[in-house]
Number of protein chains: 2
Amino acid sequence: MKTAGKTHGTGCPVAHGLDTFGDRWTLLVLRDMILHGKRRYGELLEAEEGIATNILADRLKHLEAEGLITRVRDPQNRRSYLYGLTEKGLSLMPVIFEIIKWSAAHFPLTATRKRLLQRINEDSAGLIREIRAREAANPLP
Amino acid sequence: MKTAGKTHGTGCPVAHGLDTFGDRWTLLVLRDMILHGKRRYGELLEAEEGIATNILADRLKHLEAEGLITRVRDPQNRRSYLYGLTEKGLSLMPVIFEIIKWSAAHFPLTATRKRLLQRINEDSAGLIREIRAREAANPLP
DNA sequence: CCATTCACTTGTGAAACGCAAGTGAAATGG
DNA sequence: CCATTTCACTTGCGTTTCACAAGTGAATGG
């Protein structure tokens, strides 16, 4: 399998991070789960970047294997699954926020995203708490 | 060419960041330049992860095209080049630091790296200033 | 039932990667 | 000088990963 990561296998924490989420798609999947609260395969497929179905399946497996997300059957619909963020996945929020801040400094944002950026700049701890609360309020069944 | 990035081409700042440095090698090159002060092709090749020469050449071109680094001839040795960080490249420090913090929370670090982590946790602004000062003290010729 | 939905899997061609070897210009040694 | 070494790459080539399209099987809805 080994998707999203031939391992660099050194002790470097930066390399370790890249082994876990350092490809073109993994962080976008996490972005959709963290920022947009997506929990289903079908929702994640609709990402505006247009991820391919096999790539999405690979990344979800990888993220589950790495312990950043969990997968359970939807009790309301047994052909469906629900994906939820673990603490390890949620703790990537600061990384995503710093990427947003970096991008914002070097290319223009839409109005909606400017609001998000402002929130990150002014109260990132609060935003992190809010997202954690949202997850805690909707635990996977 | 288009190395390190088939562009996602949406307005999302996370996607934009990934287009710029979201592959397995780009951020490691920047890590070596930022954290270890490397400025030469030969030094960068010695990264413990073992980057291939063609990949390194591609990434350096890409980083220069994106404006994260600059390249000049070494006046002391005209067959040699020097690579330096631009403001845009240096401003990725917080992203790298957050990746280090995330990794440190989820896998063990060596003693040397624990010291770096401590520095990041206790005085990241000071560390950032220090690295900027180091670059400013050694401007590319 | 029969069609549709959902979460994938499979197949295939194109692109990217990893390794080894080679190139050309500049410096170095004798 | 001129051969050798250094430096920063480039080229070739086999392997892996990717993107796109199509297909599968179980579960639900009408």
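Keep in mind the model is a prediction, meaning the values are calculated, not measured.
Between A/Arg24 atom CZ and D/dT16 atom C1' the separation is 16 Å, expressed in whole Å. Distance, A/Leu45 CG to C/dT5 P: 15 Å, rounded to whole Å. Rounded to whole Å, atom P of D/dA21 lies 14 Å from atom CD1 of A/Ile55. Atom CG in B/Asp58 sits about 10 Å away from atom C1' in D/dT10, given to the nearest Å. Atom pair B/Leu56:CG and D/dC9:P shows a separation of 8 Å (rounding to whole Å applied). To the nearest angstrom, C1' of D/dA19 lies 15 Å from CD of A/Glu49. Regarding A/Leu44, its CG atom lies at a distance of 13 Å from the C1' atom of C/dC6, rounded to whole Å. Here the C1' atom of nucleotide D/dT17 and the CG atom of A/Asn54 are 10 Å apart, to the nearest Å.
Residue B/Arg78 has its side chain nearest to C/dA27 when only C/dA27, C/dT10, D/dA8 are considered. Side-chain atoms of A/Tyr41 lie closest to C/dA7 of the nucleotides C/dA7, C/dA27, C/dT10. With distances taken from any side-chain atom of A/Tyr81 to the nucleotides C/dA7, C/dT10, C/dC6, the minimum falls on C/dA7. The listed nucleotides are C/dT4, D/dA8, C/dA7; the one nearest the side chain of B/Arg71 is D/dA8. Side-chain proximity of B/Lys61 to D/dT10, D/dT5, C/dT10: nearest is D/dT10. Minimum atom distance to the side chain of A/Arg79 is reached by C/dT4, of the listed C/dC8, C/dT4, C/dA20.
Between the side chains of B/Tyr81 and B/Arg73, at least one donor-acceptor pair of N or O atoms lies under 3.5 Å. B/Ser91 and A/His106 share a side-chain donor-acceptor pair at under 3.5 Å.
Between A/Trp25 and A/Arg73, the residue whose closest nucleotide on DNA chain D is further toward the 5' end is A/Trp25. Along DNA chain C, the nucleotide nearest B/Ile51 and the nucleotide nearest A/Glu43 are compared for position; the residue whose nucleotide lies closer to the 5' end is A/Glu43.
Taking only distance into account, the side chain of B/Ser80 never meets the base of D/dT6 through a donor-acceptor pair shorter than 3.5 Å.
Hydrophobic cluster membership differs between B/Leu56 and B/Leu82, with clusters built from Ile, Leu, Val, Met, Phe, Trp and Tyr side chains linked at under 4.5 angstrom.
OP1 or OP2 of D/dC18 lies within a sub-4.0 Å distance of a side-chain N or O belonging to A/Arg59.
Taking the six-membered ring where tryptophan is involved, the planes of A/Phe21 and B/Trp102 are perpendicular, since the angle between them exceeds 60° and thus also 30°.
Contact annotation: the side chain of B/Arg39 approaches that of B/Leu140 to within less than 4.5 Å [non-hydrogen atoms, C-beta and beyond].
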